[in-house]
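Below: the structure, in structure tokens.
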Amino acid sequence: MGGLMGGLMNGLTNGLTRTMVIWVPDWPVAAAAVAAGRSPDEPIAVLEKGKVLATSATARAEGVRRGQRARDAQSRCPELVVLKYDPVLDARAFDPVISCLEAITPGVQVIRPGMCALKARGPARFYGSEEAAAEKLLDRLETYDVHGSRIGIADGPFAAEQAARVSSARTRVHVVPPDGSPEFLAPLSVDVLEQPALTDLLRRLGLRSLGAFAQLPRTEVLTRFGPDGAFAHRLARGYDDRPVAGREIPPELARTLDFEPSVDRVDQVAFAVRAVADELIVRLTELGLVCTTLRVEVGTESGRIHEREWLHPRWFTAADVVDRVRWQLQGSGTATSELTSPVVRVRLIPDQADPVGAHADGLWGGGPDERIHRALSRVQSMLGHGAVVSVVIGGGRGFAERQTLVPWGDPAVPARPPDQPWPGSITGPITGSVGTAKRWPALAPTMVFPEPIPAKVFAADGAQVSVSARGELSGVPTAFTLLPARGPGVQVADSNKIHPITAWAGPWLTAERWWDPSTESRQARFQFQTADTRAWLFTLHRTTWQAQATYD
């Protein structure tokens with residue numbers, strides 16, 4: 001006991017924290033193998049960007065090494081099972097392991113999936129020694145079917161990690177005595193610093209071990225290698241004063257409602273969900289949070305789970321949650337209030353919960369925006385999810401195909417990516433009338449007509465303007481008239497009225513889907529400006545003029 005207390009006091013006096021690092025070798029292989037239904041004992045290689053990131057012990061025995069390309073690895077082991085690395089899957093699979101350890105000791109910090117750290121002082125005092133605490137943690141992992149884990153104990157996370165890596169299958173716990181980290185680290189290769197640029201330079205300078213690197217003067221290292229090199233120099237000297245901060249366990253916010261017997265009407269489900277929604281919102285309020293993204297899972301008697309993620313422009317209230325559940329049920333069933341299969345469970349999961357301060361109104365308030373949101377949400381609750389939409393501008397050649405109607409509250413994602421090049425789109429500098437060069441801003445029009453309006457464009461002599469296949473105009477556009485709209489569409493109040501053209505630009509010749517005769521479209525585009533300062537977008541298809549949009 002006296003030796004233990006003396007070691008603890010030495011760890012405190014040198015400013016370093018006795019750290020315990022738990023390492024699960026080949027964790028990416030184990031996580032990917034379980035997800036793919038494979039055994040970790042098979043020859044498996046996990047690839048990232050075409051190179052081997054991790055291998056199983058069986059694959060290493062066949063000569064497969066980290067950093068090899070997939071073809072080289074398969075040539076060494078023809079029966080090699082190649083799996084793609086998924087960092088999200090890797091982290092998700094390691095989360096239950098952390099929960100398993102937290103059940104017997106708090107304050108576990110995740111270094112990376114497959115490796116975690118915790119302060120050694122607490123477990124050592126509780127179980128009597130650092131070795132006893134490490135054996136207890138290993139036994140805990142074995143009962144959780146996590147085999148082959150190893151533990152290193154030293155002053156600071158870096159030395160403890162290297163101690164875990166030098167342990168073996170027979171000696172699964174390696175303890176570095178207090179103040180013994182410099183001596184332990186000295187013979188190790190500089191590659192353990194995991195700074196390729198720095199280690200390559202150190203090797204060219206003849207410094208191949210941490211001990212050789214640690215002997216350099218600190219001021220010279222800072223001057224020559226910069227802050228990153230100075231930090232690596234501190235690690236090589238065994239002085240790692242980084243604190244071990246355990247993760248904060250988030251509160252359980254999800255709420256589940258089971259129906260026994262099952263329910264087959266939307267209004268019955270919505271009525272029962274109201275109490276659970278109130279409970280969820282009250283819990284979020286107690287924690288000072290608001291939910292902006294809600295995932296609703298609806299389990300039916302047929303065994304299917306209807307899952308959907310809902311976003312909110314501000315944050316969800318209990319009434320908003322009930323509305324989303326009702327809309328999801330109506331969308332997954334028929335047009336009436338009857339479901340195709342009775343509901344047995346509804347689960348509400350706040351996927352994104354932000355601090356309420358991040359969404360608070362500014363100094364002068366947000367009254368108008370709040371009133372608009374409440375009015376639109378009210379209309380949406382009465383008419384349905386898709387009844388209230390907003391326009392999102394995306395990519396495309398024509399303005400009609402650039403607009404995407406998104407239901408209110410859904411992610412504002414356009415149907416076509418706006419960052420890709422769209423040959424034939426109207427952007428950039430154009431030429432004005434009478435040879436005058438103008439630069440029109442690449443702005444979207446204020447109104448895109450649901451149905452193009454037929455029109456006629458006249459030259460100075462009264463003849464209709466036409467465009468040849470070479471883009472030559474039969475005359476300079478001087479005026480146009482809008483013909484009465486045919487069928488349902490935009491009704492033009494000033495149809496048959498002569499609109500003098502004060503400026504114009506074009507034509508832009510486009511040939512869309514030329515490979516398909518049934519959908520081929522060859523047209524010329526123009527921009528006209530009239531005396532009332534309005535700008536118009538016109539198209540000419542063969543001999544037919546149409547007004548497509550206006551810029552007010």
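Keep in mind it's a predicted model, so treat the numbers as computed, not measured.
H233 places a side-chain N or O within 3.5 Å of a backbone atom of L216 that can act as its donor or acceptor partner. Checked by atom type and distance alone, the side chain of T58 pairs as donor or acceptor with a backbone atom of D41 at under 3.5 Å. A donor-acceptor pair under 3.5 Å links the side-chain atoms of S56 to the main chain of E42, judged by distance alone. The backbone N or O of P113 sits nowhere less than 3.5 Å from a side-chain atom of D90 that would complete a donor-acceptor pair.
R203 and S189 share a donor-acceptor pair across their side chains, judged by distance under 3.5 Å alone. Side-chain contact of H147 with E142: a donor-acceptor pair under 3.5 Å is present, judged by distance alone. There is a side-chain donor-acceptor pair under 3.5 Å between S302 and T300.
Tested against E307, the residues R347, R345, R295 include a single salt bridge (Lys or Arg N to Asp or Glu O under 4.0 Å) partner, R295.
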Under 3.5 Å, which donor-acceptor pairs do the side chains of residues 44-51 form with other protein atoms, sequence neighbours left out?
none

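Using a 30° and 60° split on the angle between ring planes, F225 and F213 fall in the perpendicular class, above 60°.
Between R92 and D86, no side-chain nitrogen of the basic residue sits less than 4.0 Å from a carboxylate oxygen of the acidic one, so the salt-bridge criterion is not met. Salt-bridge check for E161 with R165: passed, with a basic side-chain N closer than 4.0 Å to an acidic carboxylate O.
The ring-ring contact (aromatic ring centres under 6.0 Å, His included) contacts involving residues 176-198 comprise H174-F184, where partners must be two or more places apart or lie in separate chains. The list of ring-ring contact (aromatic ring centres under 6.0 Å, His included) pairs with a residue in residues 84-108, not counting sequence neighbours, reads W27-F94.
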